[in-house]
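Here the structure is laid out as structure tokens; the discussion comes afterwards.
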Amino acid sequence: MSSMETIKNKLGIPVSFVEQGGVHWLALDAAKLRELAKAMNEIHARFITITAYQLPKDEGFRLEYHWDLNGQLLGFSFLLAGKTIESIYDLCEAADWIEREIHEEYGIDFTGREYEPLLLRQGETLGVNLRDVVAVSQEKL
Amino acid sequence: MSYKIPMGPYHPALEEPYKLDMICEGETVLDAKLHIGFNFRGIEHLAETRNHIQAIALMERVCGICSFIHTLTFCRAMEGLTDQTPPPRAQYIRVIMAELERLHSHVLWAGIAAKLMGFKTMFMTCFEIREKIMDILAAISGNRVNYSMNRIGGVNRDITDPQSILKMVEKLEGEMASTVIPIFTTSRTARSRCAGIGVLSLEKAVSCGVVGPVARASGLPQDLRKDAPYAAYPEMEFDVPVVPDGDVRARLLVRALEIMESCKILRQALAKLPPGEFHTEGEKFNFITGTSTARVEAPRGEVMYSVSWKEGSRNPARVHVRTPTFAVMPAIRWMVKGARLADTPLIQASIDPCYSCTDR
């Protein structure tokens, strides 16, 4: 059984990976995130990063999680209606800095963890969407 | 009694902004916290306000050392959105530039490491060699640092006389093989200053997700040039040096051996440079809606770009840059735990951190 089949079976989902531009993609429900992180640990995949996309209007965010499996790039996409998703930091130490960075840049709350400032200095407000702050300040100009 | 020693934000070893708060007992470091972001530039956000040509120039500024690698990764991602495949000659030139940049980065790091070891003669030797590498880069691109070599569908400049570049590389290889490599692999000074300090175990290297020479110095045989080859790397024969010890000396050895492997790749690429065009035709591209991701093995490890575009738009909708130092730097906490305070500047420098990349 291939590693990708193993992931599918561990998550108990019927859909398959779709290969696009060298990335094997799977769209998942946010509730599956921690199961996914556990499955990735079990097959010894290497965590790479999380990319946050702010969707137009008030449609929320899309988060893309990437792991490397023996040179294959795996991508998992999650749609967030609100601004919260569970943290995987306790399962995947490598996700620490990128969760903190996304929290500071987009205000997304990775639940179940504590935050210390990463990019912003102590005393500044954490967990606000800096994009919106910049947009408002540009409008004032 | 324990006490806190803040190191930075002006780094004593690398003269760049970054802070390490260390909890010490006597001379021993018990724990440490890292702080970055002192010079955060918001390049990802800025890229959304630039067209594809301006964005390439912007991405070249993410890092001063591996500027070629950043534009290579960015262009490879954008080639996925425009259905462009660079011609074979461009793929070879990309490999040549990438390996010269690796030599430049590793020799520069070796010089700084030598200075931190108290080996100042070696520092000067390394910087003299580095100048010669930059001469080759300037002979190819016309520039010493930001080379402006990459474009969507290939490169901007051809290598018209590969034999003359080959001679320069061979001369350089001889100099490095007789100076930098034996000193870093066999000298007692390097051994006594680096062996057994700043250890990152294989287990911690895996859990922290470290990349590049730091991963390979902890026994992880990962290198995208082999694992997910791109450009002309599938046609190159080379080894990936792996050392299992995980200490500063292992990082030194891995980079020293990689210098020789880069020379091996350069000799092959220059000898086999195929004829033909060095970029695709046209400068106007139709970007399709979607996200494209590309990865490249930079001197410090894996760089990954995700570029998102909306059809008809002038600018990218989103550019995300994952730099190798961003992945490696959190592991410093584990490297300095239990170390002597006096060793911590060298331990931090041993990952070859790039604060410019981290504060992208």
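We name chains A, B, ... by the order of the sequence lines, and we start the count at 1 in each one.
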Between Phe326(B) and Thr49(A), is a side-chain contact (heavy atoms from CB on, under 4.5 Å) present by the stated rule, with each step listed?
-> CA-CA 10 Å; Phe326(B) 195 83; Thr49(A) 195; 5.7 Å; no

side-chain contact (heavy atoms from CB on, under 4.5 Å) between Arg46(A) and Val211(B), worked out | CA-CA 10 Å; Arg46(A) 175 173 59 84; Val211(B) 293; 3.4 Å; yes

Check the pair Thr291(B) / Glu64(A) against side-chain contact (heavy atoms from CB on, under 4.5 Å), numbers first and verdict last.
-> CA-CA 11 Å; Thr291(B) 300; Glu64(A) 288 176 358; 4.1 Å; yes

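More than 12 heavy atoms of other residues, nucleotides or ligands shown are found within 6.0 angstrom of CZ on Arg41(B). Around CG of Asp83(B), the count of heavy atoms belonging to other residues, nucleotides or ligands within 6.0 Å does not exceed 12. More than 12 heavy atoms of other residues, nucleotides or ligands lie within 6.0 Å of NZ in Lys83(A), so this atom counts as buried by the packing criterion. The environment of Gln54(B) atom CD is dense: over 12 non-hydrogen atoms of other residues, nucleotides or ligands sit within 6.0 angstrom.
Put simply, CH2 on Trp97(A) and CG on Leu34(B) are 5.0 Å apart, with the number rounded to the nearest 0.5 Å. With rounding to the nearest 0.5 angstrom, the OG1 atom of Thr51(A) is 8.0 Å from the CD atom of Glu44(B). Distance check: Glu302(B) CD to Ile48(A) CD1 gives 4.5 Å after rounding to the nearest 0.5 Å.
Of the atoms belonging to Glu79(B), not a single heavy atom falls under 4.5 Å from chain A. Neither the backbone nor the side chain of Ser292(B) has a heavy atom closer than 4.5 Å to any heavy atom of chain A. The part of Lys204(B) that comes within reach of chain A is its side chain, from C-beta onward, which places non-hydrogen atoms under 4.5 angstrom from that chain. For Lys226(B), no part lies near chain A; criterion is any non-hydrogen pair under 4.5 Å. Leu69(A) does not touch chain B: none of its heavy atoms, backbone or side chain, sits under 4.5 Å away. Heavy atoms of His66(A) lying under 4.5 Å from chain B belong exclusively to its side chain.
With a 4.5 Å cut-off on side-chain heavy atoms, Phe40(B) and Glu105(A) count as touching.
Remark: side-chain polar atoms of Arg318(B) are not paired, donor with acceptor, to backbone N or O of Gln54(A) under 3.5 angstrom.
Across all their heavy atoms, Cys208(B) and Ala94(A) have their closest contact at O-CB, 3.3 Å.
Between chain B and the options Asn41(A), Leu73(A), Asp68(A), heavy-atom pairs under 4.5 Å are most frequent for Leu73(A).
Ion pairing between a basic and an acidic side chain is recognised when a charged N comes within 4.0 Å of a carboxylate O; Arg360(B) and Glu101(A) show such pairing.
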